[in-house]
Amino acid sequence: MIGRIKGTIIEKSLPYLLIDASGTGYEIQTSLITFSQLPAEGSVAVLYTHLSVREDAHLLYGFHSKSERELFRELIKISGVGPKLALSILSVLNEKTLVMCVQEQNVSMLTRIPGVGKKTAARLLVEMEGRLKNLNHLNDADTNFSLTNTVADSNQQAITDAVNALISLGYKQPDASRAVNKIKDKTTLASDQLIRQALQAMV
């Protein structure tokens with residue numbers, strides 16, 4: 001099992017990145033929250049990883065913290081929640097917000113996430129309530145890379161990137177555009193900041 005990778009980021013293309021670790025290029029898929037915290041191409045990053053072995057592919061998923069990876073692993077154990085949906089959930093809700101959602105049994109918060117219906121949300125809340133007791137790192141702040149995105153002279157590209165990121169998560173284009181355009185000071189924020197604020201408003 002590949003549990004941790006440290007290497008140079010060669011390519012970034014949401015939600016994938018390519019990391020060169022000792023001459024081997026690893027293609028890794030991440031949540032939007034992890035992706036938004038990645039440094040620029042050419043920088044070194046450390047990710048906790050989960051390897052999913054299927055008949056047709058070996059897929060590697062990367063996370064900024066052990067707690068995010070643990071939640072991912074618990075989510076994919078739930079019937080109806082595969083890796084893609086688990087990443088979508090973790091792209092919208094960070095670890096603490098997801099824990100709070102489970103503790104409060106907040107179905108409406110989960111059903112606002114693309115791909116999560118009422119039945120899946122209800123099942124997830126029931127099963128995750130018991131699983132959370134066994135997780136020991138939910139409050140860890142073991143982030144291994146810092147945010148290095150910079151605001152360009154023209155912020156239109158950042159706005160476009162933010163809208164496209166929301167669409168990739170399953171939100172409709174009008175909803176994504178509306179959420180980003182409502183953000184105060186959107187012309188001065190980096191794309192990752194726009195994405196976070198838009199997600200908070202949409203959830």
Side-chain angles (χ1 to χ4, degrees), residues 14-16 28-37 48 50-57 59-140 161-183 191-203:
L14 189 73
Y16 295 95
I28 303 173
Q29 188 171 355
T30 73
S31 70
L32 182 55
I33 290 176
T34 287
F35 193 92
S36 71
Q37 296 183 62
Y48 293 96
H50 173 85
L51 177 63
S52 176
V53 179
R54 303 187 330 202
E55 291 184 2
D56 59 341
L59 304 175
L60 198 59
Y61 301 92
F63 309 92
H64 71 94
S65 67
K66 289 180 181 178
S67 56
E68 188 188 30
R69 182 179 64 182
E70 284 185 278
L71 284 173
F72 173 83
R73 287 175 171 173
E74 295 301 329
L75 285 169
I76 60 177
K77 293 177 183 177
I78 298 171
S79 176
V81 180
K84 182 177 180 180
L85 184 54
L87 281 186
S88 292
I89 293 170
L90 292 172
S91 291
V92 177
L93 306 177
N94 61 28
E95 296 101 307
K96 290 185 178 180
T97 305
L98 179 56
V99 170
M100 179 188 70
C101 180
V102 172
Q103 291 173 338
E104 296 178 353
Q105 294 292 290
N106 193 331
V107 173
S108 62
M109 180 178 288
L110 284 177
T111 54
R112 293 175 189 171
I113 300 172
V116 180
K118 288 184 178 180
K119 290 184 178 179
T120 298
R123 183 166 55 247
L124 186 153
L125 291 174
V126 170
E127 294 193 30
M128 284 299 291
E129 188 174 22
R131 297 177 189 277
L132 290 180
K133 298 176 183 178
N134 300 319
L135 301 181
N136 300 316
H137 306 290
L138 292 177
N139 295 316
D140 283 359
D161 289 344
V163 171
N164 289 336
L166 293 171
I167 293 172
S168 73
L169 287 174
Y171 290 101
K172 295 181 179 179
Q173 195 278 336
D175 295 332
S177 296
R178 190 179 305 111
V180 172
N181 287 327
K182 284 183 178 180
I183 297 173
S191 59
D192 61 284
Q193 295 170 309
L194 291 170
I195 293 166
R196 287 181 181 178
Q197 291 194 29
L199 285 172
Q200 290 171 0
M202 296 172 83
V203 173

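In plain terms, the two heavy atoms of Leu194 and Ala162 that are nearest each other are CB-CB, 3.7 Å.
Within the model, atoms OG1 of Thr34 and CZ of Arg69 stand 11.5 Å from one another, a figure rounded to the nearest 0.5 Å. With values rounded to the nearest 0.5 angstrom, Glu68 atom CD is found 5.0 Å from Leu90 atom CG. The CD1 atom of Ile76 lies 11.5 Å from the CD1 atom of Ile89; values are rounded to the nearest 0.5 Å. Between the OG1 atom of Thr120 and the CG atom of Leu125 there is a distance of 10.5 Å, given to the nearest 0.5 Å. Rounding to the nearest 0.5 Å gives a distance of 4.5 Å between CE of Met100 and CE of Met109. Atom OG of Ser67 and atom CD of Glu95 lie 3.5 Å apart (nearest 0.5 Å).
Checking side-chain atoms of Glu127 against main-chain N and O of Leu124 turns up no donor-acceptor pair under 3.5 Å. At least one donor-acceptor pair under 3.5 Å links the side chain of Arg123 to the backbone N or O of Ser79.
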Report task. Decide side chain to side chain contact (heavy atoms under 4.5 Å, CB included) for Val92 and Arg112; before the verdict, give the C-alpha distance in whole Å, the side-chain angles of both, and the deciding distance to 0.1 Å. Result -> CA-CA 10 Å; Val92 177; Arg112 293 175 189 171; over 6 Å; no
Requested in this report: Using the salt bridge (charged side-chain N to carboxylate O under 4.0 Å, His left out) rule, take Glu70 and Lys66 through it: C-alpha gap first, then chi angles, then the decisive distance, then the call.
Outcome: CA-CA 6 Å; Glu70 284 185 278; Lys66 289 180 181 178; over 6 Å; no
Report task. Begin from the C-alpha positions of Gln29 and Leu59 and carry the test side chain to side chain contact (heavy atoms under 4.5 Å, CB included) through to its verdict. Result -> CA-CA 8 Å; Gln29 188 171 355; Leu59 304 175; 5.9 Å; no
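Ring planes of Phe72 and His50: perpendicular class, angle over 60° (limits at 30 and 60°).
Annotation: side chain of Tyr171 is in contact with side chain of Leu199 (closest heavy-atom distance under 4.5 Å).
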